[in-house]
Amino acid sequence: MLSYIIRRIFQSILVLLVVGLVAFSMFRFVGDPIENMMGQERTQADIVRLRAQLGLDQPFPVQYWKFLKGAAQGNFGVSYRQGRPVGQIIAERAPATLELAAVSGFFAIIAGIGLGIFTAIRQKGWASHFIMTASLIGVSLPTFLIGILLIYLFSVELDLLPSFGRGDVVKIGFWSTGFLTASGLKALILPSITLGLYQMTLIMRLVRAEMQEVLRQDYINFARARGLSERVVNFRHALKNTLVPVITVIGLQLGSIIAFAIITETVFQWPGVGLLFINAIQFVDIPVMAAYLMLISVMFVGINLLVDLLYAAIDPRLRSESAT
Amino acid sequence: MKTLISTALAAVICATAAPAETFRWAGITDPQTMDPHAVNSAPVTSFLNNVYEGLVRRGKDMSIEPALAESWEPIGDGEGWRFHLRHGVTFHDGSAFDASDVIFSYNRASNEVSDVKGWFAPVAQVNMVDDFTVDILTKAPNPIFPDSIANWMIMDAGWAAKVGAELPDKENGNAATQSANGTGAFILSDRQPGLQTTLLPFAGWWDEANHNITKATFTPIKNSATAVAALLSGDIDLINPVPIQDAARLASNDEIKVVQGIEARVIMFGFGHAADTLKYTDDAGKPNPFQDVRVRQAVAHAINVPAILQTIMRGNAEPASQLVSPAMRGFSSTNAARPAYDVAAAKALLVDAGYGDGFSFGLKCPNDRYLNDESVCQAAVSMLAQIGITAELDAMPVRTYWPELREDNFDMYLLGWSPGTFDHEHPVRFLASTPNAEKKLGSWNFGGYSNARIDELLPMIQSEIDDVKRQAMLDEVTHLYQSEHAYVPMYVQPLVWGTRSNIELTQRPDNFLILRWITMN
Amino acid sequence: MTTAKIKRPFAPRLRAFWASDLAWSFRHSPVAFASFIFVCLLTFCAIFAPLIAPHDPFNPATLNLMNGFTAPGTPNAFTGESFVLGTDDQGRDVFSTILYGMRISLFVGFAAVMLGMVLGITAGLVAGYRGGWTETIIMRIADVQLTFPAILVAMLIFGITKSFTPVEYRDQMAIWVLILAIGLSDWVQFARVVRGATLVEKNKEYVQAAQLVGRSGLAIMVRHILPNVLSPVLVIATISLALAIIAEATLSFLGVGAPPTQPSLGTLIRIGQGFLFSGEWWILFFPACTLLALALSVNLLGDWLRDALNPRLR
């Protein structure tokens with residue numbers, strides 16, 4: 001097991017290097033950062049000078065190498081847009097995104113698994129049909145539109161919830177949290193629903209599908225025949241065996257919650273890293289884009305590692321396989 | 001743990017106890033720096049006009065009025081200008097203002113690494129006569145020099161030295177990127193780049209404060225629908241801009257006021273003049289029809305500007321005849337007529353030029369730079385199709401748009417121009433002069449339009465003291481570029497701000513939000 | 001004549017199909033039946049849009065800007081023309097634009113899902129069955145892929161194709177870029193789930209039996225494992241088709257969608273959301289409803305299909 005973990009970590013580092021390489025090769029296709037850094041009265045000479053100063057006149061492998069050297073020492077460079085260290089900017093923005101992702105992930109998992117089990121056990125009931133159909137409406141519209149419609153309904157028409165931002169936040173050390181104020185909690189409601197809705201539906205449908213399948217299998221029937229209660233059958237036996245593919249998907253979905261936060265954060269002007277990234281694209285802020293991508297890769301690679309390890313823990317048959 | 005909770009509670013109480021006169025406004029882009037010499041862009045100068053001040057400033061009607069200089073007069077026969085500085089002015093940190101700060105700010109702003117050094121191109125020398133008198137000598141007589149430095153912000157020399165911000169640093173930033181020490185009516189109290197910036201009124205301001213703001217916060221909101229929602233729900237007191245299509249609907253809401261004006265920016269189409277061949281579509285490689293003035297004129301007649309103003313602009317914009325709007329200095333009133341919308345005439349011109357069967361070409365357009373820019377281009381495509389020429393529209397964000405234009409990747413393109421000096425000379429210098437990197441002329445003349453007479457007139461205009469003679473020359477220039485249809489000016493972009501109905505304010509044509517003119521009832 | 005000739009040999013098969021379990025389940029599920037009819041209807045409308053639509057919104061020469069913002073069913077104040085579902089900011093008939101837009105959306109959706117599915121299933125099967133380094137490499141590529149949000153993939157492909165395609169083809173490129181971007185960001189989902197299922201399946205007796213008989217790896221993967229891992233694939237593919245159509249809308253919102261001169265359903269919604277507060281509700285409402293109806297019926301159909309195709313659920 002230990003050698004497996006070590007090998008996975010080594011592979012993960014390789015993945016990160018490749019991500020960085022791909023990222024750097026594509027930055028020049030995003031646009032020209034110089035355009036946003038100077039005013040309308042700039043001259044060609046100014047452009048050339050600034051380009052040289054930023055090292056943009058060098059080939060991208062050289063730029064990449066410089067970035068790697070910095071990143072290895074924990075220095076992600078200085079944002080072109082803000083003139084501040086990128087590490088500092090991301091540290092400021094990360095709590096907003098992580099809190100949003102945590103709340104919507106929690107919502108998606110609890111509601112998704114709960115409703116999934118319910119609809120699997122009560123397959124034929126009208127409530128199941130209603131839940132299945134209603135959940136589909138939520139995933140049949142683009143996230144940005146759902147967000148805008150929620151804002152329109154709950155903050156403009158009903159005036160119940162804030163239309164944008166995080167509300168008042170409280171600083172605890174380096175972490176700024178919205179959990180401790182009423183306005184901070186209110187501000188979380190609409191964005192987390194917007195962000196979590198799709199994941200919730202996906203988890204729910206998957207749990208239902210897998211559970212239905214497991215419930216038909218012989219050992220469940222044996223369990224029933226042995227006189228075990230419905231409850232034990234459903235939760236001890238069926239649910240446990242449902243979990244293998246479900247954990248894969250939940251793991252992936254947690255990662256994509258943070259990646260998808262880009263759109264929700266844009267619509268709600270949520271001051272997290274997703275919004276930071278969208279603005280970085282707009283202004284071709286290469287150091288911010290690079291750091292964001294590295295961060296997301298670290299997260300995905302970490303989640304994948306965890307999912308694989310959990311796989312091994314849940315399904316003993318896989319243990320020898322994954323260790324090869 | 002107890003202390004943690006009590007700090008948290010204290011923070012909650014502080015946060016909720018916001019005073020009634022907190023003014024919250026939102027725009028699309030965050031000013032990228034708090035350094036007035038680092039980036040010459042509208043969001044930055046507009047914002048910093050509340051924090052820093054120049055020797056002169058613009059009043060509610062854009063006229064130049066005294067600020068840190070109480071008065072000024074020309075020296076000799078156009079050798080330069082003498083500025084008499086105001087006594088008793090202090091910076092936000094309490095240090096006193098005098099001529100050394102002006103000299104320092106001149107050196108800082110005209111330095112190689114400054115983005116506003118272009119303003120000082122006409123300057124030969126700056127001399128400190130005494131503690132409150134400064135002479136600025138120009139290379140040639142420069143009648144509009146005081147007008148051209150209204151956005152030149154004066155920074156405290158001592159403070160800059162103390163915090164290590166003697167020069168602007170765009171690449172790595174320094175103390176002046178994050179903090180500020182000006183003489184203006186507001187103090188920069190908190191800066192969270194990209195999120196929120198907070199200003200507090202400056203009690204020691206030299207001028208009389210007419211506003212009643214106790215705190216002002218600026219939030220950039222990227223998505224315009226979100227901004228409108230925030231205004232409607234009362235989370236924000238002012239948004240700029242209001243999406244033009246929402247103006248009428250917002251105005252009919254009792255809680256909202258829509259404040260409209262005409263901006264300085266003229267929206268126009270430009271052509272590839274210098275390119276010998278077309279670059280796009282199936283006709284790529286064929287001779288460039290836009291080199292023929294009749295084709296350019298046909299385009300001018302084909303664009304139905306009244307229809308664009310009626311529908312896309314919802315009646316909120318004025319048609320434009322030349323590179324500046326009538327509100328600008330040097331506007332040529334003798335050339336105020338614009339080509340009429342006339343499909344028949346346009347078709348006849350095309351036949352005349354030998355393009356009766358039409359042709360196709362590439363039209364480049366930004367989609368996040370000007371109000372409804374993409375819609376306007378799309379409308380132009382269908383209008384041009386009606387005279388038989390096919391425009392292949394390629395709309396893109398500004399981050400790739402300028403590089404494309406700079407690399408001459410266009411046959412025709414959309415451009416908006418707002419003269420930084422509020423003078424007609426500005427667009428003539430940038431858009432109508434033959435491109436010349438060395439003389440810093442025509443740097444935004446992407447199509448390479450060239451007219452020897454205009455090139456000859458420009459330096460004469462720049463140094464002419466007599467207003468009548470100057471205007472005569474500008475009239476001639478206007479006539480030249482109009483008759484050659486170098487550009488097709490369409491309309492002057494409107495300014496549309498939306499506020500809660502309890503806000504009283506003054507909207508200036510340069511789109512600057514001046515907080516000291518705001519009262520909240 | 002020819003149609004009759006072709007039809008005859010198929011008739012018995014058709015009858016056989018009609019009598020099959022699948023068809024039986026279909027005939028007895030009103031939701032599936034209605035969804036199927038609806039998807040067919042929309043697809044039909046999309047394919048034959050040029051014949052059905054009263055206007056051609058992709059032909060700029062036929063547009064009149066003064067028709068802009070005409071409300072549904074009421075004549076325009078300037079031109080007197082009237083449009084069933086109104087017009088948008090360019091004076092385009094919303095009804096016609098929806099039909100044409102749906103064409104693009106459906107095409108992008110189908111093509112992207114096919115691409116993602118083929119890539120994902122292949123990668124997942126191979127990774128799960130072969131194991132070892134093959135698996136490691138494939139799954140690490142998947143990790144890299146997951147890191148890049150679809151918007152970035154789209155921008156990357158957009159930028160690269162832009163610098164490699166000749167200028168005259170650039171305008172047709174947007175659609176293919178969308179398909180590639182959505183398809184590429186989709187395959188990992190398939191691959192991971194197929195791999196997971198393959199890992200379980202390959203230890204089962206029937207696979208080991210096939211191996212003993214000496215069947216080739218390819219044959220085992222395709223003939224034995226693939227049918228048994230299709231259930232989760234179908235769940236994902238179902239949602240993916242609807243999602244690909246929606247993803248296209250999202251990319252459009254972020255500025256890398258279909259061009260506004262040839263809008264897809266998503267581009268129409270992106271344009272329409274700008275008029276949410278201005279009173280021209282129809283520019284958003286009708287395209288959004290179409291998208292909702294399309295995605296919802298595809299999803300419902302997929303739901304039913306999954307239940308019906310799964311032998312263990314019957």
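When every heavy atom of A:Q82 is checked against every heavy atom of B:T177, the shortest pair comes out as O-CG2, 3.7 Å. When all heavy atoms of B:P193 and A:R93 are compared, the closest pair comes out as O-NH2, 3.5 Å. Between B:K222 and A:Q269, the shortest heavy-atom distance links the atoms N-OE1, 2.9 Å. For A:I148 against B:N223, the heavy-atom pair with the smallest separation is CD1-ND2, 4.0 Å.
Taking chain B as the reference chain and counting heavy-atom pairs below 4.5 Å, the highest number among A:S163, A:P33, A:S79 is found for A:S163. Per-residue counts of heavy-atom pairs under 4.5 Å with chain A were compared for B:A26, B:A230, B:S443, B:G234; the largest is that of B:A230. Ranked by heavy-atom pairs shorter than 4.5 Å toward chain A, the options B:V116, B:D35, B:N40, B:V39 are led by B:N40. Taking chain A as the reference chain and counting heavy-atom pairs below 4.5 Å, the highest number among B:P397, B:A229, B:A437, B:S418 is found for B:A229. Contact tally against chain B (heavy-atom pairs below 4.5 Å) for A:G167, A:P271, A:P85: the top residue is A:P271. Contact count against chain A (heavy-atom pairs under 4.5 Å) is highest for B:H426 among B:H426, B:M34, B:R429, B:K440.
Only the side chain of B:W444 comes within contact range of chain A, with heavy atoms under 4.5 Å apart. Of the atoms belonging to B:I221, heavy atoms from both backbone and side chain fall under 4.5 Å from chain A. With a 4.5 angstrom heavy-atom cutoff, B:P403 touches chain A via backbone and side-chain atoms both. Only the side chain of A:I47 comes within less than 4.5 Å of a heavy atom in chain B; its backbone stays farther off. Both the backbone and the side chain of B:V113 come within less than 4.5 Å of a heavy atom in chain A. Heavy atoms closer than 4.5 Å to chain B are found nowhere in A:E157, neither backbone nor side chain. When heavy atoms are compared at a cutoff of 4.5 Å, B:D115 approaches chain A solely by way of its side chain, counted from C-beta outward. In this structure, chain B has heavy atoms under 4.5 Å from both the backbone and the side chain of A:D32. Only the side chain of B:Q178 comes within less than 4.5 Å of a heavy atom of chain A; its backbone N, CA, C and O stay farther away. Contacts between B:T45 and chain A at a heavy-atom distance below 4.5 Å are absent for every atom of the residue. Looking at A:F144, there are no atoms closer than 4.5 Å to chain B (heavy atoms on both sides), in backbone or side chain. Looking at B:L231, neither its backbone nor its side chain comes within 4.5 Å of chain A, counting heavy atoms on both sides. For B:F430, the part lying near chain A is the side chain, with the backbone staying farther off; criterion is any non-hydrogen pair under 4.5 Å.
Here A:D46 pairs with B:K117 in a salt bridge; the nearest charged N to carboxylate O distance falls below 4.0 Å.
For the pair B:D235 (side chain) and A:P162 (backbone), a donor-acceptor distance under 3.5 Å is absent.
Looking at heavy atoms from C-beta onward, A:R49 lies in side-chain contact with B:E112 at the 4.5 angstrom threshold. Put simply, the side chain of A:I34 does not reach to within 4.5 Å of the side chain of B:W402, judged on heavy atoms. Counting heavy atoms from C-beta on, the side chains of B:E171 and A:V78 never come closer than 4.5 Å.
When the heavy atoms of residues 65-76 of chain A are compared with those of chain B, none of the residues falls under 4.5 Å.
Within the model, atoms CZ of B:R191 and CZ of A:R84 stand 8.0 Å from one another, a figure rounded to the nearest 0.5 Å. A distance of 8.0 Å separates OG in B:S233 from CZ in A:F164, rounded to the nearest 0.5 Å. The distance from the CH2 atom of A:W270 to the OG1 atom of B:T226 is 13.5 Å, given to the nearest 0.5 Å.
No more than 12 heavy-atom neighbours from other residues, nucleotides or ligands sit within 6.0 angstrom of CZ on A:F106.
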Before giving the answer on side chain to side chain contact (heavy atoms under 4.5 Å, CB included), spell out for B:L195 and A:R166 the whole-Å C-alpha distance, their side-chain angles and the decisive distance to 0.1 Å. CA-CA 10 Å; B:L195 301 182; A:R166 255 187 115 186; over 6 Å; no
